[in-house]
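Notes for the one structure printed next.
In what follows, every heavy atom counts, from backbone to side chain, and hydrogens, waters and symmetry copies are set aside. Lettering of chains follows the sequences in order, A, B, ..., and the numbering in each one begins at 1.
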Protein chains: 2
Amino acid sequence: MTDEYLNIRQMGDRYEVTARTLRFYEAKELLSPIREGQKRLFTRRDQARLKLILRGKRFGFALEEIRQLLDLYDMGDQQKTQLGATYETGKGHLETLKARHGELGEAIKDLTAQLDWAEKELTTL
Amino acid sequence: MTDEYLNIRQMGDRYEVTARTLRFYEAKELLSPIREGQKRLFTRRDQARLKLILRGKRFGFALEEIRQLLDLYDMGDQQKTQLGATYETGKGHLETLKARHGELGEAIKDLTAQLDWAEKELTTL
DNA sequence: AGGATACTTGACGCTTACGTCAAGGTAAGG
DNA sequence: CCTTACCTTGACGTAAGCGTCAAGTATCCT
């Protein structure tokens, strides 16, 4: 129950990243694990954020871009002053995502066609 | 009609990349412009490949991965010995693309939800 | 002929995203 | 107490993907 927190090794194993990567993300303020003495403990919030980070990376976003997106996901009530600006950049990102989604569909279509062609060629040998 | 070929400047302008980038891609064997004297002339094949390169980049593929994918797209009859291997890596890439397509759909859903929430918050101020 | 312009090839610089030591702290087991 | 194991913070190294000179060449204009 109260193994809510993961140490750096468990966190790395679970999400297939190295400890170095986790420290790097903390240095870049993408994650903010709490401390038990000097050791890091990663919370559920950190885990949720890490999933989003890794997803962002798969879509070719830079870490700095991802950091800004992350802000949108955990505004708990506090910094609503920034909400307006964050909302606008979020809108922008959404458009980007939609555009890529369409483009990705095309890429899939194209590659499928190429593979079909290749398959046909292979059978004629 | 027979301005089939673009020089490095025209090519860069048309696809919004710098001359440096084009030379870099040539060095990495992603493009292979012909030469008129010492000057590069980019063919239609180069243009098609550049489009694919840029698309690949938007999806977070490394240049080296892109290079391998490109091979699949212009096998005109010659290197069919490699076709088998290329076909397999192509299959792999297709799976990756499909997975990302699905994931991207989820990302869009999530972000849309967050933005809806943010919008609601904004109106209550 | 003499710029001005646009191309070329190095070669070094820079940012991103980590990898890889080095040197040391700390908690657990024998 | 000593070892083992895992953590920590620097600090330097590196590959990718270009940017940015530097120095030379070729073409066009006047």
Starting at [atom1] of [X] and ending at [atom2] of [N], how long is that distance when rounded to a whole Å?
X       : N      : atom1 : atom2 : result
A:Ile66 : C:dT16 : CD1   : C1'   : 12 Å
A:Glu26 : D:dT9  : CD    : C1'   : 11 Å
B:Ile8  : D:dT27 : CD1   : P     : 17 Å
A:Arg67 : C:dA17 : CZ    : P     : 12 Å
A:Leu22 : C:dT20 : CG    : C1'   : 16 Å

Problem set entry | Interatomic distance, B:Gln47 atom CD to B:Met11 atom CE [nearest 0.5 angstrom] | 5.0 Å
Problem set entry | Spacing of CD belonging to A:Glu64 relative to CG belonging to A:Leu30, to within rounding of 0.5 Å | 8.0 Å
For this session: Output the residues of residues 29-41 of chain B in contact with DNA chain C, where contact means a heavy atom of the residue under 4.0 Å from an atom of the strand; sort by number or write none.
Result: B:Arg35, B:Gln38, B:Lys39, B:Arg40
Exercise. Does any non-hydrogen side-chain atom of A:Phe61 lie less than 4.5 Å from one of A:Thr96?
Worked result: yes
Exercise. Side chains of B:Val17 and B:Leu22: does their closest heavy-atom pair fall under 4.5 Å?
Worked result: yes
Show each protein N/O and nucleotides 10-17 of chain D N/O combination with a separation under 3.5 Å, one pair to a line.
residue, atom, partner, partner atom, Å
D:dG17, OP1, B:Leu63, N, 3.0

Can a side chain N or O of [X] be found less than 4.0 Å away from OP1 or OP2 on [N]?
X       : N      : result
A:Thr18 : C:dC18 : no
A:Thr21 : C:dG19 : yes
B:Asn7  : C:dA6  : no

For this session: May I ask you to decide whether A:Asp110 forms a salt bridge with B:Arg55, counting only side-chain N to carboxylate O separations under 4.0 Å?
Result: yes
Exercise. Taking the side chain from A:Asp116 and the backbone from A:Ala113, do they hold a donor-acceptor pair closer than 3.5 Å?
Worked result: no
Donor-acceptor pairs under 3.5 angstrom involving side-chain atoms of residues 31-39 of chain B: please list them, not counting sequence neighbours.
residue, atom, partner, partner atom, Å
B:Ser32, OG, B:Arg45, NH1, 3.2
B:Arg35, NH1, B:Gln38, O, 3.0
B:Arg35, NH2, B:Glu26, OE2, 3.1

Cut-off 3.5 Å, no hydrogens considered: what does the side-chain donor-acceptor table look like for residues 100-108 of chain A, sequence neighbours left out?
residue, atom, partner, partner atom, Å
A:Arg100, NH1, A:Phe59, O, 2.3
A:Arg100, NH1, B:Arg58, O, 3.1
A:His101, NE2, B:His101, O, 3.4
A:Glu103, OE1, B:Arg58, NE, 3.2
A:Glu103, OE2, B:Arg58, NE, 3.0
A:Glu103, OE2, B:Arg58, NH2, 2.5

Exercise. With a cut-off of 6.0 Å (strictly less than), are more than 12 heavy atoms of other residues, nucleotides or ligands near CD of B:Gln10?
Worked result: yes
Problem set entry | Results of salt bridge (charged side-chain N to carboxylate O under 4.0 Å, His left out) for B:Asp13 - residues two or more places apart only | none
For this session: Report which part of the nucleic acid B:Arg23 touches: base, sugar-phosphate, or nothing (heavy-atom distance under 4.0 Å, all strands).
Result: base
Exercise. Bend angle of the helix from C:dA1-D:dT30 to C:dG30-D:dC1 from five-pair axes at both ends, rounded to 10°?
Worked result: 10°
